[in-house]
Peer 1: 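First the structure, then my questions, so here it is.
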Number of protein chains: 4
Amino acid sequence: MARTRSEQSRRAILESALSLARSGGYGKLTVDAVAAAAGVGKQTIYRWWRSLGEVVLDTLREHAKSLPAPETGSLEGDLTAFLGATFRLQRGPNGTAEVLRGLMAEAQLDDGFAPSFAEFIEARRAVLRSIVLRHVPAARGSEAEATVDMLFGAMWYRMLVKHGPLDSAFAQTLAALAARQHGEKR
Amino acid sequence: MARTRSEQSRRAILESALSLARSGGYGKLTVDAVAAAAGVGKQTIYRWWRSLGEVVLDTLREHAKSLPAPETGSLEGDLTAFLGATFRLQRGPNGTAEVLRGLMAEAQLDDGFAPSFAEFIEARRAVLRSIVLRHVPAARGSEAEATVDMLFGAMWYRMLVKHGPLDSAFAQTLAALAARQHGEKR
Amino acid sequence: MARTRSEQSRRAILESALSLARSGGYGKLTVDAVAAAAGVGKQTIYRWWRSLGEVVLDTLREHAKSLPAPETGSLEGDLTAFLGATFRLQRGPNGTAEVLRGLMAEAQLDDGFAPSFAEFIEARRAVLRSIVLRHVPAARGSEAEATVDMLFGAMWYRMLVKHGPLDSAFAQTLAALAARQHGEKR
Amino acid sequence: MARTRSEQSRRAILESALSLARSGGYGKLTVDAVAAAAGVGKQTIYRWWRSLGEVVLDTLREHAKSLPAPETGSLEGDLTAFLGATFRLQRGPNGTAEVLRGLMAEAQLDDGFAPSFAEFIEARRAVLRSIVLRHVPAARGSEAEATVDMLFGAMWYRMLVKHGPLDSAFAQTLAALAARQHGEKR
DNA sequence: GTATAAGCGAGACGGTACGTCAAGTCTTTTT
DNA sequence: AAAAAGACTTGACGTACCGTCTCGCTTATAC
């Protein structure tokens with residue numbers, strides 16, 4: 001005998017949060033602003049999410065689904081394709097890099113948000129790990145983990161510090177170096 | 001012919017900031033608290049630093065100086081030593097990891113702080129880059145950069161996401177994989 | 001369709017402001033202290049008043065209502081009664097003199113507050129003016145205004161400079177002199 | 001073997017204080033601004049005066065000396081002349097009204113300044129009192145005091161509340177009413 | 001088919017911290 | 001010893017957001 005959750009409000013909140021984070025920078029995102037932009041009461045946000053970070057994370061989960069695991073036949077080829085596609089999704093004014101940086105920051109400052117973010121990260125790691133293991137089954141264990149950390153680590157490092165571009169050349173270099181780690185021809 | 005800067009206040013601020021960041025978490029660090037703990041007026045902080053991030057960064061610059069570049073004869077050996085020492089400095093209750101995570105977050109949220117932090121990061125990259133190039137001169141260019149990004153990237157990735165430890169085993173694995181990237185015997 | 005203004009907070013603010021002004025002196029009244037004493041956020045004060053002066057003025061408006069216009073039959077009698085009652089309200093530890101002095105000071109230093117205070121003053125002048133005109137209709141115009149200014153002026157002058165008491169003897173003297181200005185037998 | 005007080009600094013401080021008070025309003029007068037405008041260290045101000053109020057009061061003491069007691073033969077004439085001259089000194093952009101208002105406010109808020117200000121006020125009262133007593137010796141006592149309070153009170157009241165002008169017409173009206181209080185022809 | 005309880009937009013609320021301003025004091029160097 | 005310069009501690013300012021809490025309205029069951 002109760003009213004049901006408004007799908008319209010849910011969408012408006014997700015979209016407003018993402019668009020405000022992109023335009024003004026994640027650091028200037030506020031609950032008041034999101035609520036106002038979405039034409040929604042603040043309580044409606046707090047009723048369904050624990051923080052703005054969770055809202056934004058929700059929007060990214062959908063984005064990431066559009067990344068299929070490639071099949072080129074070689075580790076270097078698969079990595080080049082996967083990393084290239086991942087970088088492409090982040091680049092540009094409509095890319096997710098700005099928002100990802102904000103979420104990473106949030107996870108450092110808000111202990112409540114860190115687990116959700118870690119879970120999101122783990123999902124991405126699982127995909128990359130499976131690519132590595134498909135070509136180098138023997139690497140199972142700390143070596144595969146380290147390779148995954150080196151690849152995604154390099155990506156995040158550049159995304160966060162901005163000392164170099166996340167372009168296809170970088171994707172290729174990373175793929176080549178990772179392949180060599182596991183004995184593919186140099 | 002005016003009063004000179006108080007060295008006592010400077011030290012008190014640096015020490016209070018670092019100790020509060022370690023005890024309560026960087027996210028709960030406030031200017032009011034630092035000023036109170038240092039027995040200092042807030043204005044004195046704002047007079048000499050642009051934000052708390054800059055204060056904390058100042059304390060870390062001194063810490064990092066204590067890391068000497070190693071000389072073991074092989075790339076893998078040097079990397080193992082360098083990464084191991086770096087990780088050791090970050091570990092534990094008196095380690096710098098908690099504070100580094102906070103600074104990385106700050107750099108994402110505060111555009112004014114990002115350049116200072118990037119400069120700090122670049123100084124660390126320079127040391128690692130020189131180690132790589134000493135052993136593999138031919139890697140000069142994007143390959144050396146990528147190797148540096150993969151190593152420090154993996155470190156930051158684990159520091160930020162906390163999905164794995166920064167211990168000597170990880171240092172060794174990273175060193176071995178990086179050495180293989182550049183043709184050292186496996 | 002929003003939450004309505006809290007009557008409880010409104011009263012607590014008015015009472016705290018008045019009581020703090022009386023105990024510590026108007027000059028030491030601070031927004032922080034009023035908010036703390038009232039158990040209220042500062043924003044709640046700023047939401048409804050433009051300055052502490054307006055808050056205190058609000059409490060005085062109610063106080064002043066308790067002064068009825070007298071009817072003794074003569075100008076001198078009415079003035080004696082009216083001024084006597086007015087002075088009495090200001091005297092003593094629970095009197096309003098301390099607070100009135102503070103408001104007068106505020107009006108000099110804060111251009112935004114001056115109009116509100118002038119309006120409050122005019123309301124009081126209107127009462128005294130009507131007493132004068134009831135007995136001396138011919139004084140309408142600058143003479144009545146001047147008489148009002150001389151009576152309230154003398155009161156404020158003593159309140160502000162504190163060179164003489166605001167007692168019933170002074171009320172009587174003022175009343176007598178004002179009556180003579182308008183030809184009542186001496 | 002000591003340096004003597006700098007007359008140049010003294011003058012610069014007095015002039016800067018007065019001019020800043022007139023241009024920006026007494027309420028916005030600050031010690032920093034006066035010191036900067038006078039090309040003087042803040043300590044030099046604090047060494048010789050207890051507060052900015054005392055500085056400004058010093059400048060006014062000289063101004064007031066330029067008011068000679070008039071001799072027209074009648075109470076009404078003398079009062080008209082005296083009040084007219086007094087009002088004239090206060091009017092206009094170079095008048096002292098703005099500054100006097102500020103000092104009166106200061107005296108209400110700063111207990112340390114009130115005595116100095118009261119002394120200044122009393123000097124002015126003495127002049128007006130002597131005029132009244134010269135023409136109405138019998139008024140000695142509370143009646144003369146009350147008349148002085150009514151005249152200066154009316155002046156201050158208008159100066160502070162700004163509900164009417166301090167012009168020669170008002171001076172005349174006040175003089176006439178005061179004369180009637182003491183039996184001069186109506 | 002209507003009562004009723006949850007969802008909702010709105011926005012007031014108690015708090016915490018911000019970054020700024022000015023006060024009055026202290027220290028350094030110069031005159 | 002007085003002065004210019006300006007750093008220092010202190011304390012209050014007015015603002016921004018936080019997360020919580022009514023308020024009155026809307027709407028989808030469950031009776």
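As a basis for the values below, the full set of heavy atoms in this structure was taken, side chains included, without hydrogen atoms, waters or symmetry mates. A, B, ... follow the sequence lines: proteins, then strands. Residue 1 opens every chain.
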Peer 1: Reckon B/T44 touches a base, only the sugar-phosphate, or nothing at all at heavy-atom distances under 4.0 Å?
Peer 2: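 Base, at least one base atom sits under 4.0 Å.
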Peer 1: Suppose we screen for side chain to side chain donor-acceptor pair (under 3.5 Å). Which residues come up paired with A/E122, at least two apart in sequence or across chains?
Peer 2: A/R125, A/R129
Peer 1: Would you mind reading off the distance between D/I13 atom CD1 and F/dA3 atom C1', rounded to a whole angstrom?
Peer 2: 10 Å
Peer 1: Name all residues meeting the side chain to side chain donor-acceptor pair (under 3.5 Å) criterion together with A/R61; count only those two or more places apart in sequence or in a different chain, and write none if there are none.
Peer 2: A/D58
Peer 1: Got a sec, which residues hit side-chain contact (heavy atoms from CB on, under 4.5 Å) with A/E98, two or more places apart in sequence or on another chain?
Peer 2: A/Y26, A/R101
Peer 1: Please list, chain by chain and in numerical order, all residues satisfying salt bridge (charged side-chain N to carboxylate O under 4.0 Å, His left out) with B/R22, sequence neighbours excluded.
Peer 2: none
Peer 1: Going by salt bridge (charged side-chain N to carboxylate O under 4.0 Å, His left out), name the residues that satisfy it together with C/K42, two or more places apart in sequence or in a different chain.
Peer 2: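 Salt bridge (charged side-chain N to carboxylate O under 4.0 Å, His left out) list for C/K42, sorted by chain: C/D32.
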Peer 1: Only pairs at least two apart or in different chains count here, so list each side-chain hydrogen bond (donor to acceptor under 3.5 Å, both in side chains) that has a residue in residues 111-121 of chain C.
Peer 2: C/E54-C/S116
Peer 1: Would one find a side-chain N or O of B/W48 under 4.0 angstrom from OP1 or OP2 of F/dC8?
Peer 2: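 Yes, B/W48 has a side-chain N/O under 4.0 Å of OP1/OP2 on F/dC8.
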Peer 1: Verify the contact: side-chain N or O of C/W49 to OP1 or OP2 of F/dG14, cut-off strictly under 4.0 Å; return yes or no.
Peer 2: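 Result: no.
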Peer 1: Among all residues two or more places apart in sequence or in another chain, which pass the side chain to side chain donor-acceptor pair (under 3.5 Å) test with C/S9?
Peer 2: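 With neighbours one apart ignored, the set is C/S6.
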Peer 1: Without decimals, in angstroms, what is the distance between A/R11 CZ and E/dC8 P?
Peer 2: 15 Å
Peer 1: Listing time: all N or O pairs from protein to nucleotides 26-29 of chain E that are below 3.5 Å?
Peer 2:
residue : atom : partner : partner atom : Å
E/dC26  : O2   : B/R3    : NH1          : 3.1
E/dC26  : N4   : D/Q43   : NE2          : 2.4
E/dT27  : O4'  : B/R3    : NE           : 3.3
E/dT28  : O2   : B/M1    : O            : 2.7

Peer 1: Rounded to whole Å, how long is the line connecting atom CD1 of B/I45 with atom C1' of E/dT20?
Peer 2: 14 Å
Peer 1: For E/dC8 and A/R47 - does any side-chain N or O of the residue sit under 4.0 Å from the phosphate oxygens OP1/OP2?
Peer 2: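 So the side chain of A/R47 is within the cut-off, an N or O lying under 4.0 Å from OP1 or OP2 of E/dC8.
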Peer 1: Short of 4.0 Å, heavy atom to strand atom, which residues of residues 28-38 of chain A count as contacting DNA chain F?
Peer 2: A/T30, A/V31, A/D32
